[in-house]
Chemist: 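For reference, the structure I am asking about is given below.
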Amino acid sequence: MTDPAPSTFSSPEAIKRLKRRRAADVRFRYYGMGAIVLALGALVMLALSIGSQAVSAATYHVARYDVTLDRAVIAPPGEDTPEEISRNVDGFWSLVRNNLLETFPEADLDRASRTEASEFITRLAVLPAARKVAAEPQLIGNEMTVSAPLNDDLDLYLKGQAFPERRVRVGSLSSASQQEAGLARLEGQGAFTPILSAITSLEADGADLSEGSVLLTAGSSTGRLSDLQPDAASLELLTGTLDDFRSGNATARIIALPEAQRVVSDQQIAWTLALKEMGRISREPRWSLLTNSDSTYPELAGGLAALVGSLFTMLVTALVAIPIGILAAVYLEEFAPKNRLTDFIEVNINNLAAVPSIVFGLLGAAVYLNFLGMPRSAPLVGGLVLALMTFPVVIIASRAALKAVPPSVRSGALAIGASQMQTVFHHVVPLAAPGIFTGAILGMARALGETAPLLLIGMVAFVGDVPKGPTDESTVMPVLIFTWSNNAERAWEPMTSAMIVILLAVLLLMNGLVVFLRRKYERRW
Amino acid sequence: MDTDHTPQAAGTVTPPTADALPAAAPRIDCRDINVFYGPTQAIHNVSLSFPDRAVTALIGPSGCGKSTFLRCLNRMNDTIESCRVDGQILMDGQNINDHSIDAVLLRSRVGMVFQKPNPFPKSIFDNIAYGPRIHGLASSREDLDAIVEKSLRRAGLWEEVKDRLQAPGTSLSGGQQQRLCIARAIAVRPEVILMDEPCSALDPVATARIEELIDELRKRYCIVIVTHSMQQAARVSQRTAFFHLGNLIEMGETEQIFTNPREKRTEDYITGRFG
Ligand SMILES: Nc1ncnc2c1ncn2[C@@H]1O[C@H](COP(=O)(O)OP(=O)(O)O)[C@@H](O)[C@H]1O
Ligand SMILES: [Mg+2]
């Protein structure tokens, strides 16, 4: 070519057009990146907010009580079968409480402080100890260390999540002398200046300390400070001895929230700190979240019953929805004639997949419970309801997977004389299997996270026992989360998050299974 | 085990149609075939027969119904819902369109090779062995091995794949895949092999290989090949049928069709004036 026509490549218009096109390209790329950043940001925020809550529920404080297993208390005559021992909550609990009263003599002085001490341990928390003794009766009469989770409010206090508290070191004390009416006088050159300046700074931040408490702790002794001056203050000893303060090294805790508005009193804080100082409280992983069933007390509650309930429910759902879904899909896609009727069926299956899940709950309640008279709150019914919801999803996913199998595979098999059934089951279904499995598992994952329809068939009932079969009364994980999140006590919040994390972990596991199956099957060709 | 197919003497030999068949007994004899896709007719009154141990080529412009007609011969049109086939197709004196004839059995006697190689996503061995397995042609593992080897040998693929029978069939080159498909068809001991543009997805070298193979297979089978390449028809076939708009225009010895067509439309097509 003599004239390479440079104009088409370098004319001003062409360059302008090119620039605009490039700019559009770049813009589009930024929009895409922006969308991804937004999505990731939302995901990270979700993970952080749930994760940070859940982490605090992953551990809890357990207190130890050295008791003598007094036969008269835990296995009195006439109530000494293992069965009865294992249910003797009152007996074990009184042993533990008496141990606490022995440790803190001041708790035994009046009814009010005995009550305060009683709140340390939930009665049911001694059940594991009772079961252990029932299983090993030779322990009776001997010493035993009973471990029981600390009351949830004290647990939160020790984790620093109950209410704001400012801790300051006080200077060395020169004297501590007993005065009239339980008050002691503490003195030390400038010893209380740190407290006073902390109070000033807190008040500058808008805190109202007029009804708050200032607790002073030294060793295992704690008292409430009043009448604060830079060099001296009055101390109302809550537990322990004055001697601890003489040896110095005291820490003050400034709590702005008035005692009357708190769920833990100054006295309980004092005892808790003392037990901790004695090494009788330790922070342990909360396995009970997975090994206990639901309870009205957060420190005892766990998700085992719900986990097993979910398992039974999913089992029923899988057994019903997956075979029906796959067979229906195979029939519709490979065998059914294409006519008005099958079109109608197809449209309705798609509609079924779009029906809000609560409608299936209503349907389940009407048909399974009222008409067929199946048991309420049972995984059997829950599973059947979720199966109704899941199988359209399985059908749609399976049909898509079957459609994606190239027709040449079918004609190849038919052309060498395979029957239609052989063609479908020897060639088409194996090729579609990864897609079918994916659809089935994703449908199951959706069912696993479903709450609304199960509320309507009564699976929201409080269930303290692990269900033994699909007809036992039961609940499921998302419903448990829903229930816990409605509970008033503060301690339920992290528990709820922890349960969410467990549910998400199960879902992740299922998605992992999808990926695994896909990989495994795709390697076959 | 006998894998040679002695053609049975056709019981009811029909007199040659207007296009004057040679004296040899036809393997397949089609009479007044009409094919409809729903309301539209794709094949109009075609009568055509195919001699044994010879290659018949179906040529014609795209969309003229060659594939449709070919699919009548092993009733693959049954799998197309809207498709309806009228007329008699006689094989051994029996009308294969008859309800008493099982399409599945028929397809084991009339093999088919498609335009695009479509090996199963399985190993080379399983590709060949699948047919004999479902038809119960092998009584033992040794039998099966023998069938696989024989089929691959006949398809001229044995030397190339004998060391990797367990490799996936899809890992072969396009031409090898097509020969694998031919071997797969051979393995169920067919009498007729239908080929629908078997080389249109292949390069010239692979095409030449397949054409050689077809010439080789002609000694044992009745072969019907659809092709859009007139050179190919001229190279591999002994007889040629020219279709146009669903009608059979002309049928005769390949040499005669290409050198001395009786019909104007045939001549126009062959000389490249349309299609
Ligand atoms: N599955 C089908 N459904 C409806 N019409 C079809 C189908 N297959 C082919 N046809 C029509 O039948 C006619 C012949 O097609 P075909 O046999 O594929 O032609 P060729 O193989 O000669 O190119 C065409 O008009 C085509 O549109
Ligand atoms: Mg065609």
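What you see is a predicted model; the values in this text were computed from it and never measured. Chain letters run A, B, ... following the sequence lines, proteins first, then strands; residues in each count from 1.
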Chemist: NE2 of A:H426 to CZ of B:R133: how many Å apart, nearest 0.5 Å?
Modeler: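 Reported value, rounded in 0.5 Å steps: 10.0 Å.
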Chemist: Would you mind telling me which of B:D102, B:I134, B:L106 has the largest number of heavy-atom pairs within less than 4.5 Å of chain A?
Modeler: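 With the most close heavy-atom pairs to chain A, the winner is B:I134.
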Chemist: Using a 6.0 Å cut-off, check whether atom CZ of A:F335 has over 12 heavy atoms from anything other than its own residue.
Modeler: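 Atom CZ in A:F335 is crowded, with more than 12 foreign heavy atoms closer than 6.0 Å.
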Chemist: Contact part of B:V110 toward chain A, heavy-atom cut-off under 4.5 Å: side chain, backbone, both or neither?
Modeler: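 Contact with chain A: backbone only.
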Chemist: Heavy atoms only: give me the nearest A:L431-B:P121 pair and the separation to one decimal.
Modeler: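 Looking at all heavy atoms of both residues, the shortest contact is CD2-CG, 3.3 Å.
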Chemist: Hey, is the main chain of A:I416 close enough, under 3.5 Å, to the side chain of B:H135 for a donor-acceptor pair?
Modeler: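 Yes.
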Chemist: Give, for atom CD of A:Q420 and atom OG1 of B:T79, the distance between the pair rounded to the nearest 0.5 Å.
Modeler: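 Result: 8.5 Å between the selected atoms.
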Chemist: Checking A:K338 now: which residues fulfil side chain to side chain contact (heavy atoms under 4.5 Å, CB included) with it, not counting sequence neighbours?
Modeler: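 Scan of A:K338 (side chain to side chain contact (heavy atoms under 4.5 Å, CB included), adjacent residues dropped) gives B:E81.
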Chemist: Ring centroid separation for B:Y130 and A:H427, is it under 6.0 angstrom?
Modeler: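 Yes - the distance between ring centres of B:Y130 and A:H427 falls below the 6.0 Å cut-off.
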Chemist: Under 4.5 Å, heavy atom to heavy atom: which of residues 382-414 of chain A reach chain B? Give them by number, or say none.
Modeler: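 Within residues 382-414 of chain A, near chain B: A:S408, A:V409, A:S411, A:G412, A:A413, A:L414.
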